[in-house]
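Only heavy atoms go into these numbers, but all of them, side chains included; no hydrogens, no water, no symmetry mates. Just so you know, residue 1 is the first one in the sequence shown, and it goes up from there. What you are looking at is a predicted structure, and each value in this text was computed from that prediction instead of being measured.
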Amino acid sequence: MSKPLYLTTTLPYVNAEPHIGFALEIVQADIIARYRRLMGDEVFFNTGTDEHGQKIFQKARDTGKDTQAYVDEYAEKFQALKGVLGLSDDIHFIRTTDAHHKSAAQEIWKRCEKAGDIYKKKYKGMYCVGDEMFLKESDIVNGKCPNHPTMELVEIEEENYFFRLSAYQEKLTAYVQQEGVIVPEWRRQEALNFISQGLEDFSISRIKEKMSWGIPVPGDDTQVMYVWFDALTNYISTLGWPEDEKGEFKKFWTDGQVLQMAGKDQVRFQSVMWQAMLMAAGVKNTDAVIYHGFITSGGQKMSKSIGNVIDPLSIVSEYGTDALRYFLARHVHPFEDSDVTMERFKEAYNADLANGIGNLASRIMTLAQNNLESPVSRPAPVGFAVAYTNALDSYHYSVALEVVWAEIQKLDQQIVETEPFKVIKVDKERGKELISALVVNLYTIARMLNPFMPATSASIKEAILANKKPVNLFQRKE
């Protein structure tokens with residue numbers, strides 16, 4: 001058994017409805033959490049909501065709602081994703097407005113300050129509300145933030161606290177030079193290039209009078225914490241840091257394997273700024289951050305104005321949770337951008353699910369129900385194919401599912417070649433042997449499906465243990 005695993009997604013801002021991009025990240029994380037549990041590991045799986053900052057403050061004001069009431073409403077929508085996306089029952093959900101998180105964010109501030117890495121100065125710069133950060137001149141493209149080209153930059157001049165990121169040039173270089181701390185490899189090179197260009201100290205507070213929605217700066221009630229400084233701390237506050245009364249921080253962070261999931265636009269935040277904060281606070285660095293690409297649709301970035309936004313909730317409503325999970329794992333690249341359309345989704349659904357695993361399970365269990373007097377004994381767990389475990393150990397979800405679907409095709413072929421439906425009529429015992437073997441192999445496939453399609457996996461296992469044909473798993477869609 002390997003070390004206990006601490007696994008976390010980034011925390012989405014509660015300024016919009018849950019979208020398919022975040023569904024991708026949290027489903028990928030859930031696949032890893034379920035897989036590692038299947039392999040016998042203990043897992044602490046974290047997600048939640050990022051609820052402070054200028055964007056949220058403005059959004060609440062625009063809608064005429066009290067800010068706390070606004071974030072409560074959206075946090076509830078994100079918490080509901082647990083059921084909608086079939087997430088692990090024991091997933092931890094943290095909100096950055098939680099009382100304990102606020103005290104933890106203030107504690108990490110105090111530790112960074114004690115280390116000499118926080119200071120106050122007057123500053124004038126261009127601020128992107130979308131990213132909640134000041135931009136360097138070299139970051140600006142055609143007068144805009146490249147991540148939010150439709151938003152106007154805001155020129156801000158005020159006295160803020162700054163984090164001394166420049167002091168961590170050498171330590172961050174040494175950290176990022178370690179193979180495996182960033183996946184995929186080309187994102188690690190991207191981080192090294194970013195660091196090599198020289199690190200600038202960054203603002204970590206805003207004047208409370210201008211933007212009151214934030215955690216107060218320790219010892220200075222005129223300022224609130226910059227949202228990134230606050231939000232990043234969730235990764236350890238969720239474990240009970242700094243008090244660690246339950247021992248979960250020591251078990252899963254200090255002594256465990258720390259794995260973070262994030263989008264490709266997060267490299268500087270997760271693998272540079274956050275890691276420097278941990279260094280300043282005297283906390284172990286993240287073992288690895290896995291960066292996924294973006295989902296586009298019809299070759300374009302998803303946009304309400306274009307009309308190409310894909311709503312994960314509507315997909316689940318029509319096709320079911322496991323169909324969405326399957327598509328995100330099999331047909332979306334784990335690291336690069338992927339184009340997703342409903343046409344592609346429907347094609348994969350019918351070919352791989354309705355005509356694939358759904359049809360196979362129905363055929364085998366119909367044979368079993370009609371010809372076996374009792375269920376087969378629960379098959380003993382067997383080791384998974386090396387290609388399957390290697391793929392999941394390196395976060396190649398689609399490759400692991402290719403292994404599973406190769407087994408599905410092999411079982412289909414076995415039915416064609418052995419014709420148990422014919423054999424049972426002339427040689428009952430031999431026919432039962434053939435059918436029982438098919439059922440055992442189907443159970444193994446169900447186990448391999450568990451990380452990806454937990455409800456489907458459970459339905460197939462239940463049908464096998466009851467010796468009954470399962471309810472139609474995936475109804476073909478025209």
Can you check whether Lys120 reaches Ser205 side chain to side chain, under 4.5 Å on heavy atoms? no
Could you tell me whether Glu113 and Lys110 make a salt bridge, using a distance below 4.0 angstrom between a side-chain N and a carboxylate O? no
Report yes if the side chains of Asp72 and Arg95 come closer than 4.5 Å at any heavy-atom pair, otherwise no. yes
Distance col, row Ile20:CD1 vs Ser297:OG, nearest 0.5 angstrom, shows 8.5 Å
Any side-chain donor near an acceptor of the partner, Tyr35 and Asp393, under 3.5 Å: yes
Measure across Cys112 and Phe229 and return the closest heavy-atom pair with its distance rounded to 0.1 Å. SG-CZ, 4.2 Å
Heavy-atom pair with the smallest gap, counting every atom of Ala288 and Gly180: CB-O, 3.3 Å
Could you tell me whether a side-chain N or O of Thr47 sits under 3.5 Å from a main-chain N or O of Phe93, the two making a donor and an acceptor? no
Please confirm whether the backbone N or O of Tyr175 pairs with a side-chain atom of Gln178, one donor and one acceptor, at under 3.5 Å? yes
Stacked cation flag Lys121 on Phe162, 6.0 angstrom / 45 deg: yes
Neighbour count >12 (heavy atoms, 6.0 Å) for atom NZ, Lys284: yes
Can Lys264 be said to sit on top of Phe335's aromatic six-ring, NZ or CZ under 6.0 Å from centre and within 45° of the ring axis? no
Nearest non-hydrogen partners of Ala167 and Asp117, listed with the distance: CB-OD1, 4.3 Å
Between Asp244 and Phe249 (side chain of the first, backbone of the second, donor and acceptor by atom type, cut-off under 3.5 Å), is there such a pair? yes
Output for pair (Ile357 CD1, Thr456 OG1), nearest 0.5 Å, gives 8.0 Å
Taking the six-membered ring for Trp, are Phe44 and His92 parallel (under 30°), tilted (30 to 60°) or perpendicular (over 60°)? parallel
Looking only at non-hydrogen atoms, find the nearest pair between Met277 and Leu232 and report the distance. SD-CD1, 4.0 Å
Return yes when atom NZ of Lys477 has more than 12 non-hydrogen atoms of other residues, nucleotides or ligands closer than 6.0 Å, and no otherwise. yes
With a 3.5 Å distance limit and no angle check, can you tell me whether Lys250 reaches the backbone of Asp255 through a side-chain donor-acceptor pair? no
With side-chain hydrogen bond (donor to acceptor under 3.5 Å, both in side chains) as the criterion, how do Thr10 and Gln270 come out once you've worked through the C-alpha distance, each side chain's angles and the decisive distance to 0.1 Å? CA-CA 9 Å; Thr10 52; Gln270 307 295 338; 5.8 Å; no
Evaluate side chain to side chain contact (heavy atoms under 4.5 Å, CB included) for His333 paired with Ser398, printing each intermediate quantity in order. CA-CA 7 Å; His333 195 281; Ser398 59; over 6 Å; no
Measure the shortest side-chain to side-chain distance between His52 and Phe57 over non-hydrogen atoms and say whether it is less than 4.5 angstrom. no
Please check: side-chain N/O of Asp337 versus main-chain N/O of Phe294, any donor-acceptor pairing under 3.5 Å? yes
Any non-hydrogen side-chain atom of Ile31 less than 4.5 Å from a side-chain atom of Pro451? yes
Please tell me whether Gln257 and Ser2 have a donor and an acceptor in their side chains that are separated by less than 3.5 angstrom. no
Has the side chain of Arg344 got a donor or acceptor atom that lies under 3.5 Å from a matching backbone atom of His331? yes
Is any NZ, NE, NH1 or NH2 atom of the basic residue among Asp30 and Arg325 found under 4.0 Å from an Asp or Glu carboxylate oxygen of the other? yes
Thr173 and side chain to side chain contact (heavy atoms under 4.5 Å, CB included): which partner among Glu170, Lys171, Gln177? Gln177
For Gln54 and Val154: C-alpha separation, side-chain torsions, deciding distance, then whether side chain to side chain contact (heavy atoms under 4.5 Å, CB included) applies. CA-CA 12 Å; Gln54 186 74 28; Val154 181; over 6 Å; no
Apply side-chain hydrogen bond (donor to acceptor under 3.5 Å, both in side chains) to the pair Thr286 and Tyr235, showing each step before the final yes or no. CA-CA 10 Å; Thr286 303; Tyr235 301 134; over 6 Å; no
For the residue pair Glu402 and Trp405, establish whether any side-chain heavy-atom pair is separated by less than 4.5 Å. no
Approximate separation, where rounding is to 0.5 Å, of Asn46 CG and Leu11 CG: 6.5 Å
Carboxylate-amine/guanidinium proximity below 4.0 Å for Glu152 and Lys144: yes
Which heavy-atom pair separates Ile56 from Thr67 by the least distance, and what is that distance? CG2-CG2, 4.4 Å
For a salt bridge (Lys or Arg N to Asp or Glu O under 4.0 Å) check, start with the C-alpha distance between Glu248 and Lys251, then their side-chain angles and the critical distance, and finish with the verdict. CA-CA 5 Å; Glu248 290 180 327; Lys251 180 178 186 177; over 6 Å; no
To the nearest 0.5 Å, how far apart are OH in Tyr161 and CD1 in Ile204? 9.5 Å
Can you find a pair of side-chain heavy atoms, one from Val181 and one from Gln275, that are under 4.5 Å apart? no
Is there a side-chain contact between Tyr319 and Phe327 (heavy atoms, below 4.5 Å)? no
Set out, in order, the CA-CA distance, both residues' side-chain angles and the distance that settles side chain to side chain contact (heavy atoms under 4.5 Å, CB included) for Tyr123 and Asp201, then state yes or no. CA-CA 11 Å; Tyr123 182 78; Asp201 300 346; over 6 Å; no
Could you tell me whether a side-chain N or O of Glu51 sits under 3.5 Å from a main-chain N or O of Val14, the two making a donor and an acceptor? no
May I ask you to test the Lys208-Thr222 pair for a side-chain heavy-atom distance under 4.5 Å? no
Could you check whether any side-chain N or O of Ser271 sits under 3.5 Å from a backbone N or O of Arg268, counting only pairs where one atom can act as donor and the other as acceptor? no
Between Asp90 and Arg37, is there a side-chain N and carboxylate O pair less than 4.0 Å apart? yes
Measure from the ring center of Phe202 to the ring center of Trp228 and say whether it is less than 6.0 Å. no
Taking atom types as modelled, is there a side-chain donor on Glu158 or Asn160 under 3.5 Å from an acceptor on the other? yes
What distance separates Ser196 OG from Gln169 CD, expressed to the nearest 0.5 Å? 8.0 Å
So which of Thr96, Thr238, Asp230, Thr233 actually passes side-chain hydrogen bond (donor to acceptor under 3.5 Å, both in side chains) with His101? Asp230
Distance under 6.0 Å and angle within 45° of ring axis: Lys346 vs Tyr349: no
Atom of Arg188, atom of Val176 and distance for their closest heavy-atom approach: NH1-O, 3.0 Å
Examine Tyr74 together with Phe78 and report whether their ring centres are nearer than 6.0 Å. no
Residue pair Asp98 / Asn234, side-chain donor-acceptor N/O under 3.5 Å: no
Backbone of Tyr13 reached by a side-chain donor or acceptor of Asp50 within 3.5 Å: no
Rounded to the nearest 0.5 Å, what separates atom CE in Met225 from atom NZ in Lys102? 11.0 Å
Check this for me: Glu347, atom CD, are more than 12 non-hydrogen atoms of other residues, nucleotides or ligands nearer than 6.0 Å? no
Quick check against the 3.5 Å criterion: does Thr389 have a side-chain atom that pairs as donor or acceptor with the backbone of Val386? yes
